[in-house]
Amino acid sequence: MTSEPTPAPARSDFIRDIVAADVRAGRAKTVVTRFPPEPNGYLHIGHAKSICLNFGIAAEFGGRCHLRFDDTNPVKEEQEYIDAIEADVRWLGFDWGEHLYYASDYFEQLFAWAVTLIEQGLAYVDDLTADGIREYRGTLTEPGRNSPWRDRLVAESLDLFARMRAGEFPNGARVVRARIDMAAPNINLRDPVIYRIVHATHPRTGDAWCVYPTYDFAHGQSDAIEGITHSICTLEFEVHRPLYDWLIENLPVPSTPHQYEFARLNLTHTVLSKRVLLRLVNEGHVRGWDDPRMPTISGARRRGYPAEGLRDFAAMIGVAKADAVVEFGQLEYAVRGVLNRTSQRRFGVLDPMKVVIENYPAGQTDMMTVVNNPEDPAAGTREVEFGRELWIERDDFMEEPAPKFFRLSPGREVRLRNAFFITCTGVVKDAEGRVTELRATYDPATRGGDSPDGRRPKATLHWLSAAHAVPAEVRLYDHLFTDPFPGSDGRDLFESINPASETILTGALVEPDLAGLAAGETVQFERLGYFCADRDTTTARPVFNRTMTLKDTWAKVQAKG
RNA sequence: UGGCGCGUGGCCUAACGGUAUGGCACCUGAUUCUGGAUCAGGGGGUUCUAGGUUCGAAUCCUAGCGCGCCAGCCA
């Protein structure tokens with residue numbers, strides 16, 4: 001039996017502490033959270049952190065988590081994004097059950113509540129233009145001034161709001177604003193806009209509306225309608241909380257949700273901003289939202305990151321309020337841990353070099369029994385063809401071995417994994433003097449990879465039978481940005497896009513059965529890393545994405561010089 | 001500058017007034033048919049600074065410094 005790795009105990013954090021205290025004190029009978037994406041782009045790893053937090057808390061406290069699309073801005077939102085977001089959340093391993101909602105489901109109620117506010121003198125229709133509103137808003141240091149329309153008759157505002165809805169006015173002609181305090185030190189309280197005119201077709205409501213609530217007016221009220229107890233969002237909304245609370249207090253909403261903020265995720269060597277990601281896609285820097293280099297959930301999936309790895313990562317980095325930039329290596333550590341125990345091993349040679357075993361009979365084929373996954377005995381073994389002509393990795397040979405290089409070189413013996421010991425007896429060179437082929441002898445007594453006399457070569461190499469290996473395309477991936485902090489210090493982040501973020505190898509060779517690997521399946525190419533069949537793969541032309549390399553001590557030794 | 005928030009080894013994070021936690025990274029050793037994995041051990045922190053309260057401060061108070069967010073009819 002395999003011992004299941006004990007899942008990291010869900011470490012507590014300040015939000016879980018708050019939820020626990022609320023449950024203990026009876027302030028929340030059932031914990032209800034929500035993940036509220038705007039369908040204006042694909043989800044990224046930062047969203048994964050939020051998804052794990054919201055769904056995780058709901059599960060841990062026996063509550064529920066809603067998936068709610070914050071679709072209040074039809075000019076930026078699309079059905080394609082809605083579909084992709086649902087697929088990504090599901091793939092990540094979470095289930096919202098019956099609780100799929102849209103802010104647009106509440107448009108009628110939201111409109112009615114805006115009317116309520118107007119009736120109470122807590123909101124008004126403003127005829128100022130966008131520029132006008134900006135001028136009246138004041139600055140960080142100077143208070144704003146009241147709009148000339150701030151004290152207009154309630155009846156007049158009501159009439160105008162109805163006509164706004166009826167489509168009598170063009171975009172931007174008027175807005176409705178909450179009537180709070182134009183001198184408030186918190187600018188979000190200086191009569192924030194709660195409704196605006198947008199003549200655009202909404203992905204769900206079509207042309208039913210031409211007035212749409214702003215985020216501030218829609219979010220908290222949607223939370224209240226759904227009975228959300230803990231509305232968890234990122235730090236940039238902290239300054240909106242007083243407005244969130246003001247609206248909940250002044251409206252006859254059915255429940256009293258509270259907002260809590262945590263620090264969004266930042267990762268080195270990449271960018272977690274839908275705006276920037278959209279540009280990378282639109283400007284063709286990548287092949288799409290699910291390009292394996294993208295930090296999107298769909299990109300991670302195509303790259304070969306398992307959902308469990310992303311969840312482990314989220315648990316590992318924790319949740320706090322301090323702005324943080326997590327090293328990319330920590331993500332890789334989490335993902336590699338999952339891949340190590342779940343991936344079957346195979347042989348793949350990225351940069352092939354021919355080896356001829358001179359004392360092995362031509363035309364003969366031997367079947368070697370090879371372990372599929374040393375971490376998982378249940379994965380069993382497979383039979384791999386061995387012959388006189390083999391391929392090994394070019395990097396595994398050095399004519400003049402560097403210090404600490406203990407792979408193959410003339411006169412040296414190494415082990416071919418699960419096969420035989422071979423000794424390099426000679427090299428063949430081309431006109432420029434470059435080694436193109438090796439000659440070797442094998443020791444028949446070492447069949448299977450062990451020597452009866454106890455000899456233990458310092459290196460074990462992966463290999464492929466030249467007569468059986470199949471060609472494959474292998475796509476190597478590296479950081480999307482060379483700069484660990486793209487765009488910091490005012491630099492243009494597009495200038496630090498890594499030109500070598502993708503390297504396509506067309507001359508790689510793999511074990512024959514890999515031609516049939518289904519898209520999305522991951523294997524470890526022994527000694528090289530984890531590779532996943534890309535969705536472009538075909539039996540005739542297998543294509544693999546390198547998810548990530550193995551930890552490489554030799555590379556580290558080399559780097560030190 | 002006004003408001004809000006945040007500063008704990010290279011990175012992330014814990015501490016809830018009782019003498020700095022854990023993970024990543026790094027180093028060493030063991031083990032190994034992947035220079036992988038695993039196991040064991042190790043180095044590294046004047047907890048941003050300066051005052052104060054207290055028997056005792058990373059925690060509380062004051063001041064300063066640094067960083068982030070807010071002046072969309074984006075979210």
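So you know, we letter chains A, B, ... as the sequences are listed, proteins then strands, and number each from 1.
At the heavy-atom level, A:E142 lies nowhere under 4.0 Å from the strands shown. Using a 4.0 Å heavy-atom distance criterion, A:Y212 is classed as making no nucleic acid contact. Residue contacts for A:V371: at a heavy-atom cut-off of 4.0 Å it reaches no nucleic acid atom on any strand shown. Contact annotation for A:F405: base contact, defined as any heavy-atom pair under 4.0 Å involving a base atom.
Taking side-chain N and O atoms only, A:R456 has a distance below 4.0 Å to OP1 or OP2 of B:U32. Applying the 4.0 Å criterion to OP1 and OP2 of B:A25, one finds that A:K551 has every side-chain N and O outside that range. Distances shorter than 4.0 Å separate none of the side-chain N or O atoms of A:R407 from OP1 or OP2 on B:G35.
B:U13 sits 8 Å from B:G23 when the C1' atoms are compared, rounded to a whole Å. As rounded to the nearest Å, B:U47 and B:G7 have C1' atoms that lie 10 Å from one another.
A:K321 has its NZ atom 17 Å from the P atom of B:C12, to the nearest Å. Following rounding to the nearest Å, A:N418 (CG) and B:U34 (P) show an atom-to-atom distance of 9 Å. With rounding to whole Å, A:H269 atom NE2 is found 19 Å from B:C24 atom P.
Judged by distance alone, the side chains of A:Y124 and A:D191 do bring a donor and an acceptor atom under 3.5 Å apart. Side-chain atoms of A:Y42 and A:E80 form a donor-acceptor pair, as typed in the model, at a separation below 3.5 Å.
Checked against B:G36, B:C12, B:C27, the side chain of A:Q330 finds its nearest nucleotide in B:C12. Among the nucleotides B:C6, B:U34, B:C24, the one closest to the side chain of A:T460 is B:U34.
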Verdict with reasoning, A:F544 to A:F525, per ring-ring contact (aromatic ring centres under 6.0 Å, His included): CA-CA 11 Å; A:F544 300 95; A:F525 286 178; 5.6 Å; yes

For A:R264 and A:D323: C-alpha separation, side-chain torsions, deciding distance, then whether salt bridge (Lys or Arg N to Asp or Glu O under 4.0 Å) applies. CA-CA 7 Å; A:R264 67 187 311 151; A:D323 288 308; over 6 Å; no

Please determine whether side chain to side chain contact (heavy atoms under 4.5 Å, CB included) holds for the pair A:D70 and A:Y102, giving the CA-CA distance in whole Å, both sets of side-chain angles, and the decisive distance to 0.1 Å. CA-CA 6 Å; A:D70 230 326; A:Y102 296 83; over 6 Å; no

Checking A:E238 against A:K321 for the salt bridge (Lys or Arg N to Asp or Glu O under 4.0 Å) test, could you report, in this order, the C-alpha distance in whole Å, the side-chain angles of both residues, the deciding distance, and whether it holds? CA-CA 11 Å; A:E238 208 159 22; A:K321 289 197 78 165; 2.4 Å; yes

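Across the strands present, B:C69 finds its partner in B:G3; the criterion is a Watson-Crick or G-U wobble pair with both atom distances under 3.5 angstrom. Base pairing of B:U38 is made with B:A30, judged by Watson-Crick or G-U wobble geometry with both donor-acceptor distances under 3.5 Å. Pair assignment for B:A20: none, as no Watson-Crick or G-U wobble contacts are both less than 3.5 Å. Pairing of B:A63, defined by two Watson-Crick or G-U wobble distances under 3.5 Å, is identified with B:U49. Both distances falling under 3.5 Å, in either a Watson-Crick or a G-U wobble arrangement, occur for no nucleotide opposite B:A14. The base-pairing partner of B:U54, taking Watson-Crick or G-U wobble contacts with both distances under 3.5 Å, does not exist among the strands shown.
Each of A:V325 and A:N340 was assigned the nucleotide of RNA chain B with the nearest heavy atom; the assignment lying further toward the 5' end belongs to A:V325. Toward the 5' end of RNA chain B, the nearer of the two residues A:D450 and A:Y333, judged by each one's closest nucleotide, is A:Y333.
Looking at heavy atoms from C-beta onward, A:P203 lies out of side-chain contact with A:D71 at the 4.5 angstrom threshold.
Taking the six-membered ring for Trp and the full ring otherwise, A:Y212 and A:Y195 have centroids separated by 6.0 Å or more. In this structure, A:H269 has its ring center at least 6.0 angstrom away from the ring center of A:F328.
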Protein-to-nucleotide contact annotation, 5' to 3' order, nucleotides 66-75 of chain B [B base; S sugar-phosphate only; - none; under 4.0 Å, heavy atom]: --SSBBSBSB

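With hydrogens and angles ignored, a donor-acceptor pair under 3.5 angstrom links the side chain of A:E327 to the base of B:G10. No donor-acceptor contact under 3.5 Å links the side chain of A:E375 to the base of B:U38.
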